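Below: the structure, in structure tokens.
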There are 2 protein chains.
Amino acid sequence: MYTLAEENYLKTIFHLEQEYGKEVSTNAIAENMQTKASSVTDMVQKLADKGLLSYRKYKGARLSEEGTVAAIKIVRKHRLWEVFLVEKLNFHWDEVHHIAEQLEHVRSEELTNRLDKFLDFPDYDPHGDPIPDKNGNIKSAEKRLLSELDKGNNGILVGVRETSKEFLQFLDKRSIAIGSKIKVLGREFFDGSMVIQVKKEQFFISKKIAENLYIQI
Amino acid sequence: MYTLAEENYLKTIFHLEQEYGKEVSTNAIAENMQTKASSVTDMVQKLADKGLLSYRKYKGARLSEEGTVAAIKIVRKHRLWEVFLVEKLNFHWDEVHHIAEQLEHVRSEELTNRLDKFLDFPDYDPHGDPIPDKNGNIKSAEKRLLSELDKGNNGILVGVRETSKEFLQFLDKRSIAIGSKIKVLGREFFDGSMVIQVKKEQFFISKKIAENLYIQI
DNA sequence: AAATATTTTTAGTTTAATCTAAAAATTACA
DNA sequence: TGTAATTTTTAGATTAAACTAAAAATATTT
Ligand SMILES: [Mn+2]
Ligand SMILES: [Mn+2]
Ligand SMILES: [Mn+2]
Ligand SMILES: [Mn+2]
């Protein structure tokens, strides 16, 4: 149906739309995909010609219905494979992303749906991201960034925004995991750093860390 | 490491070498890959430059040690994924080949080895083909084509040479499967056709069918 | 051993996806 | 509001992998 490159663009644009809620700029796509702006312009024009997105020069791109459907299918596959890798093959949550980046492009609706069933229809992937169902519906749970919580607030860690090895290993080292109860003991307004409590332990964390943890109150 | 196209050429050349035991011709590769001879020449020259095979103009190609190792890795992945699809996702043996053609290109030695373990280190794939182990060793069981057996001989079906949907469904319809005990009741020397017995049933089969069934005496 | 047929290679194009460098448009700010 | 900085697009080139058509080598027949 779509080429590998096209699928990767669709997925990236989808994520950027979700994150910023507006038309996605050429540079934002380029940065995310580690490519050059000129390459992005080319591809975005091609995808527009194919009706997968609307594009206005200098203004940015926005996925069409068809483009969104295609992107969600890729995201669904990515997250299902991540669950498979962690649940069945005992991979660690910091190792699965780049393998799933390959598996997400395997074309077979039947495969995807059987995998879904084999995994017992999981709602979330190992990083707490929701898995679209076979019709493309995505469960959107209420969640906020830890960085937005005030002193005294507490909640459960339900997801991570970053999925790099470095960040996930940082959390592991401190036994912070999906499901952990986190309480904000202090918050520094100067730099956004925090002191949090997880179980019996207290940690000092920078704003950058707090901005990558999703909490459900 | 290698591109998708390179991997597919390596795999095809490997299979053709196995089948004919000599240098593989340009046309044989082209036919197998549904491409043109001129494309094959280009690629074979490229692979020769990279040291993955030796190639003499007009004479054909033969995989080098490095090329063989690479090809076996792909074959290993292909067959392991086929086992996964049949054993874990309940696919039928006639549906898995073209999905495995995609999965075989996923790059991660760790993934392959964990999948192997998850499947309990299978020796054969759903079509009876041996699965190379992590070091590239392939179990080669004694087996012969049914077409080579004489009247009165019998053995166990241990593999199929063809893996097309049409052929596998032909076998299904007659409840002929890996493990079936097959006895040759008659053999026509004019056209190579046979009458065989499987369980209580007798079938008339053409030479073409008999040439695609591997029997262990 | 010629003539003919087949196989294989070469030469020249095409398409997808990338890049660099330069031009054009937009945005920021003095 | 005009100039400078930034972003984006265009123009032109490159690479991988395919193709067609024609040339060259090899194999098969008379
Ligand atoms: Mn991921
Ligand atoms: Mn994930
Ligand atoms: Mn197969
Ligand atoms: Mn097989």
Side-chain angles (χ1 to χ4, degrees), chain A residues 1-14 16-17 19-63 66-67 70-71 74 101-102 104-105 107, chain B residues 1-14 16-17 19-20 22-63 67 70-71 74 101-102 104-105 107:
Chain A
M1 200 74 172
Y2 309 113
T3 67
L4 184 69
E6 285 170 348
E7 288 195 351
N8 283 327
Y9 274 93
L10 290 172
K11 187 184 56 157
T12 298
I13 295 168
F14 176 78
L16 290 170
E17 259 182 16
E19 188 155 2
Y20 300 112
K22 58 177 181 195
E23 291 196 308
V24 181
S25 77
T26 301
N27 261 5
I29 298 169
E31 200 169 310
N32 241 269
M33 299 189 65
Q34 324 234 69
T35 184
K36 302 291 164 167
S38 56
S39 307
V40 174
T41 301
D42 278 350
M43 180 58 91
V44 155
Q45 289 176 341
K46 195 176 102 185
L47 293 174
D49 288 345
K50 290 196 176 190
L52 292 164
L53 49 79
S54 62
Y55 163 69
R56 290 176 306 144
K57 272 189 190 178
Y58 298 100
K59 296 292 184 163
R62 165 163 280 154
L63 293 182
E66 190 186 341
I74 301 161
E101 294 265 307
Q102 299 177 66
E104 74 190 3
H105 299 289
R107 264 175 261 275
Chain B
M1 199 76 170
Y2 308 112
T3 69
L4 184 69
E6 286 170 347
E7 289 196 349
N8 282 327
Y9 274 92
L10 291 172
K11 186 183 56 158
T12 297
I13 295 169
F14 175 78
L16 289 171
E17 258 181 16
E19 189 156 2
Y20 301 111
K22 56 177 182 196
E23 291 196 307
V24 180
S25 77
T26 300
N27 261 5
I29 298 169
E31 202 169 308
N32 241 268
M33 298 190 66
Q34 325 234 68
T35 186
K36 303 292 164 163
S38 56
S39 306
V40 173
T41 301
D42 277 350
M43 180 58 92
V44 155
Q45 288 175 342
K46 195 177 103 184
L47 293 174
D49 288 345
K50 291 196 175 191
L52 292 164
L53 49 79
S54 62
Y55 163 68
R56 290 176 307 143
K57 271 192 192 177
Y58 297 100
K59 296 292 183 164
R62 165 164 279 154
L63 293 182
I74 301 162
E101 294 265 309
Q102 299 177 66
E104 74 190 4
H105 300 289
R107 265 174 261 274

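Computed from heavy atoms alone, side chains included, the values below leave out hydrogens, waters and symmetry copies. Letters A, B, ... mirror the listed sequences (proteins, then strands); counts begin at 1. Everything quoted here is computed from the prediction, not taken from an experiment.
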Taking the nucleotide of DNA chain C with the nearest heavy atom to each, does B/Gln45 or A/Met43 sit closer to the 5' end? B/Gln45
Separation of [X] atom [atom1] from [N] atom [atom2], in whole Å?
X	N	atom1	atom2	answer
B/Arg56	C/dT8	CZ	P	13 Å
A/Tyr58	C/dA23	OH	P	13 Å
B/Lys59	D/dA25	NZ	P	13 Å
B/Asp42	D/dC19	CG	C1'	10 Å
A/Tyr2	C/dA16	OH	P	16 Å
A/Leu4	C/dT15	CG	C1'	16 Å

Salt bridge or not for [X] and [Y], using N-O below 4.0 Å?
X	Y	answer
A/Lys50	A/Glu66	no
A/Arg107	A/Glu7	yes
A/Glu101	A/Lys11	yes

Looking at C/dA16, C/dT18, C/dT9, which one has an atom nearest to any side-chain atom of B/Thr41? C/dT9
For a quick test of reading the model: is some side-chain N or O of [X] closer than 4.0 Å to OP1 or OP2 of [N]?
X	N	result
A/Tyr9	C/dT18	yes
B/Lys57	C/dT10	yes
A/Tyr55	D/dT8	no

Would you name the heavy atoms of [X] and [Y] that are closest together and state the gap between them?
X	Y	value
B/Val44	B/Ile13	CG2-CD1, 4.5 Å
A/Ala30	A/Ala37	CB-N, 3.8 Å
A/Glu6	A/Tyr2	OE1-CA, 3.3 Å

With a 4.5 Å heavy-atom cut-off, do B/Leu52 and B/Leu63 have their side chains touching? no
Numerically ordered, the residues 25-39 of chain A set in heavy-atom contact under 4.0 Å with DNA chain D is A/Ser25, A/Thr26, A/Asn27, A/Ala37, A/Ser38
